[in-house]
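Since the structure comes first, as structure tokens, the remarks are kept for the end.
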Amino acid sequence: MSAVSNKHPASARRAAALTGHGRLPGDKSISHRALILASLATGTSHIRGLLEGDDVLATAQAMRAMGAAIEKHENGIWRVNGVGPMGLKSPTAPLDFGNAGTGVRLVMGLVAGAGIEAEFIGDASLSSRPMGRVLDPLRQMGAQAEAAEGGRLPVRIKAAPLLPASITPDVASAQVKSAILLAGLGIAGDISVCEKTATRGHSETMLALFGADISVTDEDGFHIVTLHNRQGPSRLTARDLDVPGDPSSAAFPMIAALTVPGSDVVLENVMLNRQRDGLIRVLREMGGDISMTHKRQSSGETVADLRVRYSALHGLDVAADIAPDMIDEFPALAIAAASAQGTTHMAGLAELRVKESDRLAAMEAGLKANGVTVEAGEDWLRVTGSGPNPSIAGGGMVETHHDHRIAMAFLCLGLVAEQAVSVDDRAMIATSFPEFFTLMATLGAQID
Ligand code: S3P
């Protein structure tokens, strides 16, 4: 069968006011890290609220293939029996990460520092993404890694001793930082990552929760995260964790509620983290009515329920320096901008070219196909909105290029467009937000 006939399209049409409550599934970044660290720890960890998306399940499968015992219990809690320090074994088959960039990059770091060898493969989208950003710093630490042309998958990492190092990555990337720290777990000595721009700190927070000796400082304009291994490789101890809800998934019902007239919804269990809440800050500046209740702590992170009400949004210049704090949220922001009064200019978007798809190109093409005025440059996007009485034509078919967030974003555009908006493939939504269709239906949006 051809790839085209395997696609499963979906369409969304104009919705009446969205109302009610929806609970967000577990955060994808935290879910990957919880499985990885629990697999390395001594003892049994219990993980509640794990995201059961395909990306995270691929990481679970990889950790099993290296010796961890991971199973889901009837009560929905995942139990992980870790292998203990330096207890990972080389997998007998290639580790297949499907669409999961975070999974593959973090586990590459882990394998490099674990004295084992493994081959890494993935789907067409993952196989086109750059891995050199992770392999180069790992090589600086002594890793032996081979990649296909252009630093792409398949990648093979061979057993080699790593040395302490202080590394300044070229790109602002939590995946790169995390791969270096995970490689550092197997080193006798310190490993430091010096970030020019701080990226999401979930790895360092969770490493500390599992008992690793981590310090975080800001010096001379750098955000420095150091893993100290004063007595040989790090020893992690099993923990019980509650995974907070994913703000990157919350982005879609949030922009739907802000743009569909009359909406008033509550999104429960959303993680609030300074390096993840850029979209909320930007939408509020655009006039979005988003309030927070029941703020609480959950496994080292802050969580709240968000009340989101329909708002007359206005355009905004979104500065480049906020981009790392909302790097996955630009598809959602571009859709909100299409309903705003005036122009929204988004800068600092070079990284969007190497996400699950070339997101800048996919957003530009999808918006144009639905009658929205848009312009894109090498690292920026400018969307001119229709104002509070939306007159977005819709009627377009959007190519998603194996990208879950492009699919969800454009289905949200359909909720405010005159004609239905279609996406060529809904299948990838299961990588990060399997409950998307159910949650949107709970709020009153029919997407099929
Ligand atoms: C992630 C980091 C981000 C983000 C990705 C998840 C993580 O990638 O886009 O979806 O969990 O560390 P980069 O670190 O490459 O920016």
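Values below: all heavy atoms of this structure, side chains included; hydrogens, waters and symmetry mates excluded.
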**Study point:** Any residue meeting side chain to side chain contact (heavy atoms under 4.5 Å, CB included) with D321, in chain and number order, not counting sequence neighbours
**Key:**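 By the side chain to side chain contact (heavy atoms under 4.5 Å, CB included) rule, D321 matches A319.
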Counterpart residues, salt bridge (Lys or Arg N to Asp or Glu O under 4.0 Å), relative to [X] (two or more places apart):
| X | value |
| --- | --- |
| R281 | D277, D325 |
| E52 | K72 |
| R139 | D136 |
| R426 | none |

Salt-bridge contact [X]-[Y] (side-chain N to carboxylate O under 4.0 Å):
| X | Y | answer |
| --- | --- | --- |
| R156 | E119 | yes |
| E378 | R353 | yes |
| E364 | R382 | no |
| R230 | D213 | yes |
| D27 | R276 | yes |
| R296 | D305 | yes |

Practice item. List in chain and number order the residues that pass ring pair (Phe, Tyr, Trp, His ring centres under 6.0 Å) with F436, two or more places apart in sequence or in another chain; answer none if no residue qualifies. Key: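 Only F433 meet the ring pair (Phe, Tyr, Trp, His ring centres under 6.0 Å) criterion with F436.
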**Study point:** Qualifying residues under ring pair (Phe, Tyr, Trp, His ring centres under 6.0 Å), relative to F210, sequence neighbours excluded
**Key:**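 Per chain and number, F210 pairs via ring pair (Phe, Tyr, Trp, His ring centres under 6.0 Å) with no residue.
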Point to revise | Derivation and outcome, salt bridge (Lys or Arg N to Asp or Glu O under 4.0 Å), residues E351 and R359 | key: CA-CA 9 Å; E351 277 293 297; R359 280 191 178 150; over 6 Å; no
**Study point:** T44 versus N81, side-chain donor and acceptor atoms under 3.5 Å
**Key:** yes
Practice item. Quick one: which residue pairs count as a salt bridge (Lys or Arg N to Asp or Glu O under 4.0 Å) with a foot in residues 95-111, not counting sequence neighbours? Key: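 Every pair satisfying salt bridge (Lys or Arg N to Asp or Glu O under 4.0 Å) with a residue in residues 95-111: there are none.
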Point to revise | Summary of ring-ring contact (aromatic ring centres under 6.0 Å, His included) pairs that have at least one residue in residues 324-368, sequence neighbours excluded | key: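 Matches after skipping sequence neighbours: H345-W380.
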Practice item. Any ring-ring contact (aromatic ring centres under 6.0 Å, His included) involving residues 276-295? Give me the pairs, sequence neighbours left out, ordered by first then second residue. Key: none
Donor-acceptor pairs under 3.5 Å, side chain of residues 54-63 to any protein atom, not counting sequence neighbours: which ones?
from, atom 1, to, atom 2, distance (Å)
D55, OD2, K28, NZ, 3.4
T59, OG1, H32, ND1, 2.9
Q61, OE1, R64, NH1, 2.7

Point to revise | Candidates D242, V243, N269 - the one meeting side chain to side chain contact (heavy atoms under 4.5 Å, CB included) with S298 | key: D242
Review point. Applying side-chain hydrogen bond (donor to acceptor under 3.5 Å, both in side chains), which residue pairs with at least one partner in residues 177-186 are found, sequence neighbours left out?
Key: R33-S178, K177-E195, K177-T199, K177-E204, S178-S203
